[in-house]
Amino acid sequence: MDFEKELEIIRENTVDIISEEELLQKLKEAHSQKRELRVKYGADPSAPDIHLGHTVPLQKLRQLQELGHKVIFLIGDFTACIGDPSGVSKTRPPLTKEDVLKNAATYERQIFKILDKKKTELVLNSKWCEGMRLSDVVKLASHYTVARMLERDDFSMRFNKKEPISIHEFLYPLIQGYDSVILKADIEVGGTDQRFNFLLARELQRDFGQDPEVVILLPILEGTDGKQKMSKSLGNYIGIDETPLEIYGKLMSIPDKILHRYYNLLLGIPCPENSSPHEAKKRLAKEITSIYYGEEAGRKSEEEFHKIFVRKELPDKIPEVAIEKKEIWLVELLVEAKLASSRREARRLIVQGGVKLDNKVCTDPEAEIELRGGMILKVGKRRFAKIKLGGNNG
RNA sequence: GGGGAGAUACUCAAGCGGCCAACGAGGCUUGACUGUAAAUCAAGUGCGGAAUGCUUCGGAGGUUCGAAUCCUCCUCUCCCCA
């Protein structure tokens, strides 16, 4: 294998590699010693839904696996058990052991849609973190200074804005770095927001007498709002575990501006220049849906989407709702069908013209409805329910 | 340890005794329009079969005919000094 060529492949889509010389060196070394490089990737177990933003680094990992290297998929369960990691100032309820294990299983199911199971090792950092003594922690903390900690962007920003930073938050980058030491990572892959943490890991490894890991930084994908990074807490994410139609639909809803980003980062190809944004978006949505659910599902989702939103017809599957009464107040019906969370909201939807019964708009909030089995209730553009008379749901 | 500032709905942020279910912005929902769950524009955004109704402005008490607004204590945060 030509090392330059290997480097070329690894370089695709990256923002930065620290450093290419070191990487080249490692590739050569690994080859001559006939060993695989250990590629670390850290995941936060408190949000177990893998979304398209994660798939950018995951695809890079897959590539590295194809080049013969081994991925160490680290689940930061220890850090999550303590609570709030960096970022938002809200204290998140710490996860229990069971939550962590459940989330880890969820991860496992999802990541192997992309990664090669045979070349992946799943590890939890509680394994070595839990047994650390206070003296170990103090020693670890002595490797770094407050001033250097405050170099980190989000720390300095919060500090300047006079927002609280707890002492334990300073420990997270240290623990992350220590993970690299324990795992003897050769390479670490992550988004550009991890730059600081990764650099710290390199320093720690040096202090512990190891070769520092090579850092591969990848771009951060914007969410469906087209502005902020894709994340679960911002609600602008597309999970790879969501239904095909949902993935397809959410992709259709991204702003035109970021189409090229999605093409480059998710499909690895440039956005077609000569087709209309609509056509380009359709292709993007279909191809990405196909990656996770197969071509058949991609095609079906496209059809379904156009059926519902362009031709405004009914979807294939509509959830059934059993209603006891024969005659019912419309407001109550919406609440019963779980299409509105309160009667007040139901009333609002009706008045605003967002409620259709058998394709007829109902604007009278006082209306009493005589129910028939199979009636179709529609709220907004994409929430449907089919009425079933009497009995239990099912 | 001393002194000062602050905590308001999903988020940011006004209000500082009645006109406050609480300005405004973002988000979200709905509608119009559209190639789209895009952009733009408009409306809505605590609960209640609706009543001068009920529950809300960090928590607990108190003053008052009346409190998000005043007082006391508590919890948490930020700043300055040591």
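Letters A, B, ... mirror the listed sequences (proteins, then strands); counts begin at 1.
- Here the nucleotide nearest the side chain of Glu366(A), chosen from rU34(B), rU30(B), rG49(B), is rG49(B).
- Residue contacts shown for Gly249(A) include a base, since a base heavy atom lies under 4.0 Å away.
- Between Glu302(A) and Arg299(A), none of the side-chain N atoms (NZ, or NE/NH1/NH2) sits under 4.0 Å from a carboxylate O, so this pair counts as no salt bridge.
- The partner of rA42(B), taking Watson-Crick or G-U wobble pairs whose two distances both stay under 3.5 Å, is rU30(B).
- Look at the P atom in both rC28(B) and rG35(B): the space between them is 23 Å, to the nearest Å.
- Whole-Å rounding puts the Leu234(A) CG to rC12(B) P distance at 13 Å.
- Taking atom P in both rA25(B) and rA14(B), one finds a spacing of 15 Å when rounded to whole Å.
- Here rC76(B) presents its P atom at 19 Å from CD1 of Ile165(A), a figure rounded to the nearest Å.
- Taking atom P in both rG61(B) and rC10(B), one finds a spacing of 23 Å when rounded to whole Å.
- Cluster annotation: Val215(A) and Ile10(A) are assigned to distinct hydrophobic clusters (Ile/Leu/Val/Met/Phe/Trp/Tyr, side-chain heavy-atom contacts under 4.5 Å, transitive).
- Atom P of nucleotide rU29(B) and atom CD1 of Ile350(A) are separated by 19 Å, given to the nearest angstrom.
- Nucleotide rG35(B) holds its P atom 21 Å from the NZ atom of Lys286(A), rounded to whole Å.
- Comparing the C1' positions of rG66(B) and rA5(B) gives an interatomic distance of 29 Å, to the nearest angstrom.
- Nearer to the 5' terminus of RNA chain B, by closest-nucleotide assignment, is the contact made by Val355(A) (compared with the other of Ile247(A) and Val355(A)).
- If you chain together hydrophobic residues whose side chains sit under 4.5 Å apart, Ile238(A) and Tyr292(A) fall into the same group.
- Using a 4.0 Å heavy-atom criterion, one finds that Leu259(A) contacts no nucleic acid atom at all.
- The base-pairing partner of rC19(B), taking Watson-Crick or G-U wobble contacts with both distances under 3.5 Å, does not exist among the strands shown.
- Of the nucleotides present, rC71(B) is the one that pairs with rG61(B) by Watson-Crick or G-U wobble criteria, both distances under 3.5 Å.
- For His306(A) and rU34(B), the NE2 to C1' distance is 14 Å, given to the nearest whole Å.
- Whole-Å rounding puts the Ile308(A) CD1 to rG35(B) P distance at 19 Å.
- Closest to the side chain of Lys162(A), out of rC78(B), rU29(B), rC33(B), is rC78(B).
- Across all strands shown, the partner of rG6(B) is rC76(B), judged by Watson-Crick or G-U wobble contacts whose two distances both fall under 3.5 Å.
- The nucleotide rA50(B) finds no pairing partner, because no Watson-Crick or G-U wobble arrangement with both distances shorter than 3.5 Å includes it.
- No continuous path of hydrophobic side-chain contacts links Leu266(A) to Val15(A) [ILVMFWY only; heavy atoms under 4.5 Å].
- The pairing partner recorded for rC12(B) is rG24(B), the criterion being a Watson-Crick or G-U wobble arrangement whose two distances lie under 3.5 angstrom.
- Considering only side-chain atoms of Pro164(A), the nucleotide from rU30(B), rU77(B), rG31(B) that sits closest is rU77(B).
- Considering only side-chain atoms of Arg347(A), the nucleotide from rG49(B), rU36(B), rA50(B) that sits closest is rA50(B).
- Comparing the P positions of rG24(B) and rC70(B) gives an interatomic distance of 23 Å, to the nearest angstrom.
- Closest approach to the Gln352(A) side chain among rU30(B), rU36(B), rU77(B) is made by rU30(B) (side chain taken as heavy atoms from C-beta onward).
- One side chain, Glu345(A) or Ser341(A), offers a donor N or O that lies under 3.5 Å from an acceptor on the other.
- Annotation: rG59(B) and rU77(B) have their C1' atoms spaced 15 Å apart (nearest Å).
- Atom name P, nucleotides rA42(B) and rU52(B): the rounded distance is 32 Å, in whole Å.
- Of the listed nucleotides (rG49(B), rG35(B), rU30(B)), rG35(B) has the atom at the smallest distance from the side chain of Lys281(A).
- The pair Arg343(A)-Glu336(A) does not count as a salt bridge, with every side-chain nitrogen at least 4.0 angstrom from each carboxylate oxygen.
- Applying the ring-ring contact (aromatic ring centres under 6.0 Å, His included) test to pairs two or more places apart or on separate chains, those with a residue in residues 114-152 of chain A are His143(A)-Phe208(A).
- Applying the 6.0 Å contact sphere to NZ of Lys307(A) captures more than 12 heavy atoms from other residues, nucleotides or ligands.
- Val355(A) and Val335(A) fall into different hydrophobic clusters, where Ile, Leu, Val, Met, Phe, Trp and Tyr residues are linked whenever their side-chain heavy atoms come under 4.5 Å apart, directly or through other members.
- Remark: rG35(B) base-pairs with no nucleotide; criterion is Watson-Crick or G-U wobble with both hydrogen-bond distances under 3.5 Å.
- Among the protein residues, Lys312(A) comes within range of the nucleic acid bases, having at least one heavy atom under 4.0 Å from a base atom.
- Residue order along RNA chain B, read from the 5' end via each residue's closest nucleotide, puts Met252(A) first among Lys257(A) and Met252(A).
- Distance CD (Glu302(A)) to P (rG35(B)): 17 Å, rounded to an integer number of Å.
- Base-pair partner of rU55(B): not found among the strands shown (Watson-Crick or G-U wobble, both distances under 3.5 Å).
- Taking only side-chain atoms of Lys227(A), from C-beta outward, the nucleotide of rG27(B), rA43(B), rG35(B) with the closest atom is rG27(B).
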- Query: Could you go step by step and tell me if Phe196(A) and Phe155(A) meet the ring-ring contact (aromatic ring centres under 6.0 Å, His included) rule?
  - Reply: CA-CA 11 Å; Phe196(A) 177 93; Phe155(A) 281 149; 7.1 Å; no
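- Residue-level contact check: Glu279(A) touches neither bases nor backbone, having no heavy atom under 4.0 Å from any strand.
- Atom name P, nucleotides rG6(B) and rA39(B): the rounded distance is 39 Å, in whole Å.
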Every protein N/O lying under 3.5 Å from an N/O of nucleotides 45-47 of chain B:
unit_1	atom_1	unit_2	atom_2	d
rC47(B)	OP1	Ser342(A)	OG	2.9
rC47(B)	OP2	Arg348(A)	NH2	2.8
rC47(B)	N4	Arg344(A)	NH1	2.7

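- rU36(B) atom P lies 18 Å from atom NZ of Lys307(A), rounded to whole Å.
- Within the nucleic acid shown, Glu368(A) comes within 4.0 Å of at least one base atom, counting heavy atoms only.
- Using a 4.0 Å heavy-atom cutoff across all strands shown, Pro365(A) reaches no nucleic acid atom at all.
- In this structure, Glu242(A) pairs ionically with Lys250(A), as a charged nitrogen and a carboxylate oxygen lie closer than 4.0 Å.
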